[in-house]
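What follows is a set of notes on a single structure, which appears directly below.
Residue numbers run from 1 in the order of the sequence given.
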Amino acid sequence: HRDLHSFPTRRSSDLNSEFGSQGFQAIGVAFGPGADAGMLARLADFFKLTYPLGYTTSDRVDAYLGREGKEILKIPQMAIIDRRGDIRATSGTRGNPTLENEASLRATIQILLLEKKGALETEGSGGRLGSNRGPGLPPKEVGEERETAPNFTLRDTQGVAVRLADYRGKVVLLDFW
């Protein structure tokens, strides 16, 4: 029997180890029944996770991902945010299912890491990573028109805030499980 959480957490740890020094940051987002500080602490200890983890409610994740009604959310769900704060790719029914393939996910991250860091200063100070713009707009794939990632704040195992806005300038993988 395979632990459902083992794939996303191990994958994110590996990606964080491999690409962290290049400006990548994975953030694990646990949600749903049983998602609390204790569960996160057990997972972090068991898998020796060193990247930020937070927990929230299912309805907050649904709102963030633009999920409505009876739409089934496949777990894990991922969103990749570029250095400027734009959602560049997502997995799931509205996104790119090839991101569930580790080679495709790595290739997408590498493309975004190669983009110039100077792109952060090419537009004004409004509407970027951590903006308060509402969710619900369909995310775009790498190279297409982009939408700004809505801000969020999670609590980690110690009750400390994990804020998306704190990772401005990094390529961020939000790994919802």
To the nearest 0.5 Å, atom NZ of Lys170 lies from atom CZ of Phe24 at 10.0 Å
Interatomic distance, Ile81 atom CD1 to Tyr167 atom OH [nearest 0.5 angstrom]
12.0 Å
Separation of Ile111 CD1 from Asp82 CG (nearest 0.5 Å)
12.5 Å
To the nearest 0.5 Å, what is the distance between CD1 on Ile87 and CD1 on Ile80?
11.0 Å
Would you tabulate the side-chain donor-acceptor contacts of residues 26-48 under 3.5 Å, counting partners in other chains and residues two or more places apart, or write 'none'?
residue: Asp36; atom: OD1; partner: Gly38; partner atom: N; Å: 3.1
residue: Asp36; atom: OD1; partner: Met39; partner atom: N; Å: 2.8
residue: Arg42; atom: NH1; partner: Gly38; partner atom: O; Å: 3.2
residue: Lys48; atom: NZ; partner: Asp45; partner atom: O; Å: 3.0

Distance (rounded to the nearest 0.5 Å) between Phe19 CZ and Gln25 CD
13.5 Å
Nearest heavy-atom neighbours spanning Leu113 and Gln22
CD2-O, 3.5 Å
How far apart are the C-alpha atoms of Leu105 and Met78, what are their side-chain angles, what is the distance that settles it, and do they pass the side chain to side chain contact (heavy atoms under 4.5 Å, CB included) test?
CA-CA 10 Å; Leu105 178 60; Met78 294 169 274; 3.9 Å; yes
For Arg88 against Glu115, the heavy-atom pair lying closest together:
NH2-OE2, 2.8 Å
With sequence neighbours left out, the residues meeting side-chain hydrogen bond (donor to acceptor under 3.5 Å, both in side chains) with Thr57 are Asp59
Name the atoms and distances for all side-chain donor-acceptor pairs under 3.5 Å in residues 155-162, with sequence neighbours left out.
residue: Arg155; atom: NH1; partner: Gly159; partner atom: O; Å: 3.2
residue: Asp156; atom: OD1; partner: Gln158; partner atom: N; Å: 2.8
residue: Asp156; atom: OD1; partner: Gly159; partner atom: N; Å: 3.0
residue: Asp156; atom: OD1; partner: Val160; partner atom: N; Å: 2.8

Test side-chain contact (heavy atoms from CB on, under 4.5 Å) applied to Thr50 - qualifying residues, sequence neighbours left out:
none
Salt bridge flag under 4.0 Å for residues Arg84 and Asp86:
yes
Find the distance between CG (Leu154) and CG (Leu53) and round it off to the nearest 0.5 Å.
9.5 Å
